[in-house]
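Down below is the structure, laid out as structure tokens.
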Amino acid sequence: MYKQIGILTGGGDAPGLNAVIRSVVRTATLQFGMKVIGIEDSFEGILGETHTMSLTQKSVSGILPRGGTILGTRNRGSFVKMVNGQPVYPEMPIGEALANLDILGIEALIVLGGEGTLAIAEQFHKRGFPVVGVPKTIDNDLAATELTFGFMTAIDIATEALDRLHTTAASHDRVMVLEVMGRHTGWIALHAGLAGSADIILIPEIPFDFDAVIDKVMERDRKGSRFTNIVVAEGAMEVGKHEMYQDAGELRLGGIGDYITRTVAKRTDKECRSVVLGHLQRGGSPNAFDRMLATNFGACAVRALAGGDLGKMVALQAGTVVTVPLAEACANLKTVSPAGQLVRSARDIGITFASPKEMLVK
Ligand code: F6P
């Protein structure tokens, strides 16, 4: 059995990271008598002058509901940097990192992160270092796992935003456009759109037609609902067009909400307003479900490490936490199926995705 293991968090934060850290520390110490070292700022913390902290049951007490990560997740580009929105892996200083892990007495690692961070973890595994990964993204876009912690919290926040926009939209007879995160998938927009009674949901998987958007706004007007709530995923696009970026260099998605707002205002006599929910979806306390999932992921990750199930990532499949090879963990994107049940149910209750096909059906 390992005497001492390390834990680190990489990539963007997500509500529930601290809940995983707490669960790892408690499981490792209570069940296996292992010590746990927290590595600061992802893999950067084991380079140069290393930055680590000893994690005990006492030091993780009270962090379960806390947002962010007590370990930090600042990437200085030593292992991965973003070039034109794509992760580029420079010659990784794995040798230096392994030597430092040896000096620190860290015999195995639990790595919390998204595709970039877990790809680095796999390199450690390939060099024979014991590693287990824990998936993390509010976008819920990893095919290997049914859910990731942080997603449900993001939906809660987007739903509350839609509820609030609803009352102000109705009071002013306005069109309100809420842009939510999700990268190249529409999971947050779809789930929050259903939960927050959006009238129009726009997602990357179903490119939209402006005529269909305007049609829906005008139809609602005619029927006496003189306001419309639109939720748009940051990666959504018009038919025949590409995703919009707020920053051409870094390829950071954004701007589609504002574009829709301006276009609807131009093509109708409606007052339109737009809101970008942004990082409010990632900050702050995880909801009850995410605390539970994160805690289960943490305990399962330690059990996998202790049981020699190495080079794996914990994942939720059919409601149970299992392990999948790190190599497969982030290989496939999970996208919303345009023919799936949730999309169909949304259409059945009168929500439109504004696809040209829906106009034909009408
Ligand atoms: O992947 C999580 C996510 O929040 C995406 O939904 C969003 O596009 C991106 O990260 C934002 O990244 P950053 O924190 O670099 O602005």
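Indexing begins at 1, ligand by ligand and atom by atom, following the structure's order. Just so it is clear, the model here is predicted, and its values are computed rather than measured. Position 1 is the first residue of the sequence, and the numbers go up from there. FYI, side chains are in, hydrogens and waters are out, and symmetry mates aren't considered; it's all heavy atoms of this structure.
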Atom 15 (O) of ligand 1 touched by protein (heavy atom, under 4.0 Å): no

Residues Gln4 and Tyr2: side-chain donor-acceptor under 3.5 angstrom: no

Where ligand 1 meets His279 - atom numbers and elements under 4.0 angstrom, heavy-atom basis: 13 (P), 14 (O), 16 (O)

For atom 6 (O) of ligand 1, the protein heavy atom that lies nearest, with its residue and separation: Asp139 OD1, 2.7 Å

Heavy atom of Gly182, distance to ligand 1 below 4.0 Å: yes

Leu253 near ligand 1 by a heavy-atom separation under 4.0 Å: no

Sole residue of Arg220, Lys216, His166 in side-chain hydrogen bond (donor to acceptor under 3.5 Å, both in side chains) with Asp199: Arg220

For atom 12 (O) of ligand 1, the option (of Gln281, Met181, Arg282) bearing the nearest heavy atom: Arg282

Best match, Glu234, Arg252, Lys136: closest heavy atom to atom 8 (O) of ligand 1: Glu234

Proximity of Phe149 and Phe289 rings by center, below 6.0 Å: no

NZ/NE/NH1/NH2 to OD/OE distance under 4.0 Å, Glu115 and Arg183: yes

Asp13 bridged to Lys136 by N-O distance under 4.0 Å: no

Audit row: Asp309, Arg303, salt bridge (Lys or Arg N to Asp or Glu O under 4.0 Å) steps and yes/no: CA-CA 8 Å; Asp309 193 13; Arg303 292 205 294 274; over 6 Å; no

